[in-house]
Number of protein chains: 2
Amino acid sequence: MDPASVIDDLRDAPLFAKLLDGQLAKLATIAQPQRLAGGHTVFLQGDFADAFFLLSEGAVKVYKTFRDGRSATLRHVVPGQTFAESVLYADTYPSSAEAMEDSHVYRFATSAFRNLILDEPEIGVVLLTTMAQLMVLLNQRIEELLLPVPARLARYLLELCAAQRSPTQCRLPIAKHELAARLGTVPETLSRALNRFVRGGLIAVENDTLVVLNRPALERLAQQ
Amino acid sequence: MDPASVIDDLRDAPLFAKLLDGQLAKLATIAQPQRLAGGHTVFLQGDFADAFFLLSEGAVKVYKTFRDGRSATLRHVVPGQTFAESVLYADTYPSSAEAMEDSHVYRFATSAFRNLILDEPEIGVVLLTTMAQLMVLLNQRIEELLLPVPARLARYLLELCAAQRSPTQCRLPIAKHELAARLGTVPETLSRALNRFVRGGLIAVENDTLVVLNRPALERLAQQ
DNA sequence: CGGCTCCTTGAGGTTAATCAATCCTGGTGG
DNA sequence: CCACCAGGATTGATTAACCTCAAGGAGCCG
């Protein structure tokens with residue numbers, strides 16, 4: 001692949017946007033471009049781990065699976081974000097990752113990345129900040145799991161509206177069964193919860209578009 | 001406080017053990033020593049955040065509180081560990097921290113620390129590794145919360161035995177109601193779960209000491 | 001039209017939180 | 001020495017949440 005286009009891809013990632021050209025060039029030398037077909041598994045929980053990834057195109061989900069086949073989504077990775085950063089400590093992946101559609105990633109080998117940081121500390125600070133952000137996110141996930149399902153759903157919807165810059169309307173970016181996994185529950189329970197929201201006049205639903213009718217009530221519910 | 005003893009304290013922390021004397025000296029210049037009385041709150045969820053901490057003596061717990069007064073412990077911080085690293089990204093603390101006994105910490109202001117990393121990238125790599133480790137831990141916590149209480153308890157006990165380097169015996173380092181919070185449940189449920197373990201012949205309990213009688217069964221249960 | 005997949009609805013069972021009562025255990029003071 | 005108390009820990013009964021299994025729709029594509 002053309003080195004210049006790699007550098008462009010890296011610069012497009014918010015994570016690396018602030019780096020100087022020289023720093024990006026060095027980063028590019030250790031970035032291994034990789035195509036992923038939709039549905040393809042990037043790695044499985046427990047796999048030997050020596051690299052983390054930057055998603056440049058497509059969509060990837062990071063999830064955990066259990067004996068009984070149930071699975072819970074930890075993150076939906078969007079382009080510009082890294083995933084599997086925990087490889088910098090562990091030598092096996094603590095969760096699995098799968099491409100949800102045809103995607104493109106850059107692979108960074110742990111050891112090469114470590115050396116790069118010593119050379120260009122700015123990159124280390126950038127990744128440190130990203131990881132701090134992820135820790136806040138994981139913390140939220142934990143907090144959510146201690147709340148009942150309707151509260152988790154309310155939180156998700158409010159977040160979604162905020163992310164889509166609309167106070168009252170949003171579109172579900174993922175299928176309902178994906179959302180159920182993201183909330184740590186099953187489709188049936190999600191369906192019922194949504195239904196109760198509609199009957200309670202909190203929201204209106206049409207296909208994957210939904211409108212917030214009673215935001216205060218939704219916010220109250222999100223607290224617990 | 002004597003600079004040399006600060007450096008010694010920092011070197012004693014596994015986190016910083018590998019740093020060179022010069023690096024430790026620089027780190028020491030931005031480390032603010034601080035005493036904490038037992039029961040004292042270090043910071044509260046939502047507080048303005050501009051510093052993270054290294055615990056050098058005592059015990060600190062990081063926890064979340066909910067409207068209904070329920071609380072869940074995220075971490076029991078032991079000497080040598082840092083906490084509130086997420087401040088490197090966020091400007092408010094995502095959880096609360098409290099000294100469980102008389103303790104001593106070093107406070108690191110975010111901005112000073114960021115500058116230090118640019119000067120001494122080695123320190124950045126060290127913290128990056130620590131945060132990666134914490135992310136693995138948070139991942140485990142999430143995984144646990146999706147399991148039934150007995151499975152969480154089994155995992156905790158097995159971990160505890162491993163940590164105390166004894167295959168069959170361990171002592172609870174915290175009170176039962178603390179353990180309940182750590183497992184994301186209530187004392188009543190914990191009590192019943194322990195009771196069922198005893199009646200099932202999985203473990204034997206005497207005060208805060210417990211013996212693993214049927215490790216395979218416990219491991220099976222830990223899977224779910 | 002069949003055969004998909006996804007979503008919804010219903011009935012039933014299990015888990016665990018809640019509320020309330022009781023039981024320890026260590027400390028206190030008569 | 002013993003009654004008494006306060007706190008945590010246990011036990012029981014009840015209730016609510018939510019997972020499971022099973023059975024329907026609804027949309028989509030060959």
Chemist: From the set D:dC18, D:dT20, D:dA9, return the single nucleotide nearest to any side-chain atom of A:P150.
Modeler: D:dC18
Chemist: Rounding to a whole Å, what distance do you find between B:H177:NE2 and D:dT10:P?
Modeler: 12 Å
Chemist: If the test is ring-ring contact (aromatic ring centres under 6.0 Å, His included), which one of A:F48, A:Y63, A:Y93 qualifies with A:F43?
Modeler: A:Y93
Chemist: For C:dT18, does the base pair up with any side-chain atom of B:R192 as donor and acceptor (N or O, under 3.5 Å, distance only)?
Modeler: yes
Chemist: To the nearest Å, how far apart are B:L190 CG and D:dT10 C1'?
Modeler: 11 Å
Chemist: Do NZ/NE/NH1/NH2 and the carboxylate oxygens of A:R155 and A:E159 come within less than 4.0 Å?
Modeler: no
Chemist: To the nearest Å, give me how far apart CD (B:E206) and C1' (C:dC24) are.
Modeler: 15 Å
Chemist: Looking at D:dA17, I'd like to know if its phosphate oxygens (OP1 or OP2) sit under 4.0 Å from a side-chain N or O belonging to A:T189.
Modeler: no
Chemist: Between the base of D:dC21 and the side chain of A:E188, is one N or O donor paired with an acceptor at under 3.5 angstrom?
Modeler: yes
Chemist: To 10°, what angle do the rotation axes through the five end pairs on each side of the helix from C:dC1-D:dG30 to C:dG30-D:dC1 form?
Modeler: 10°
Chemist: If you check every side-chain atom of B:N195, which of C:dC7, D:dT10, D:dA9 has the closest atom?
Modeler: D:dT10
Chemist: Return the nearest nucleotide to the side chain of B:P148; candidates are D:dG8, C:dT15, C:dC7.
Modeler: C:dT15
Chemist: For B:F16, does the CZ atom have more than 12 heavy-atom neighbours from other residues, nucleotides or ligands under 6.0 Å away?
Modeler: yes
Chemist: Roughly how many Å is it from CZ in A:F197 to P in C:dT8, rounded to a whole number?
Modeler: 14 Å
Chemist: For A:V211, does its backbone N or O pair with a side-chain atom of A:T168 as donor and acceptor, under 3.5 Å?
Modeler: no
Chemist: Once you round it to whole Å, what is the distance between P of D:dT11 and CZ of B:R196?
Modeler: 13 Å
Chemist: Rounded to whole angstroms, how far apart are CD on A:E178 and C1' on C:dT5?
Modeler: 13 Å
Chemist: Send over the distance from A:L145 CG to C:dA16 P, rounded to a whole Å.
Modeler: 14 Å
Chemist: If you check every side-chain atom of B:S191, which of D:dT10, D:dA9, D:dC19 has the closest atom?
Modeler: D:dT10
Chemist: Expressed in angstrom and rounded to an integer, what is the separation of A:L179 atom CG from C:dC6 atom C1'?
Modeler: 14 Å
Chemist: To the nearest 0.5 Å, how far apart are CG in A:D47 and OG1 in A:T41?
Modeler: 9.0 Å
Chemist: Give, for atom CG of A:L88 and atom CE of B:M131, the distance between the pair rounded to the nearest 0.5 Å.
Modeler: 10.5 Å
Chemist: Mind checking whether A:F52 and A:F108 have parallel, tilted or perpendicular rings, split at 30° and 60°?
Modeler: parallel
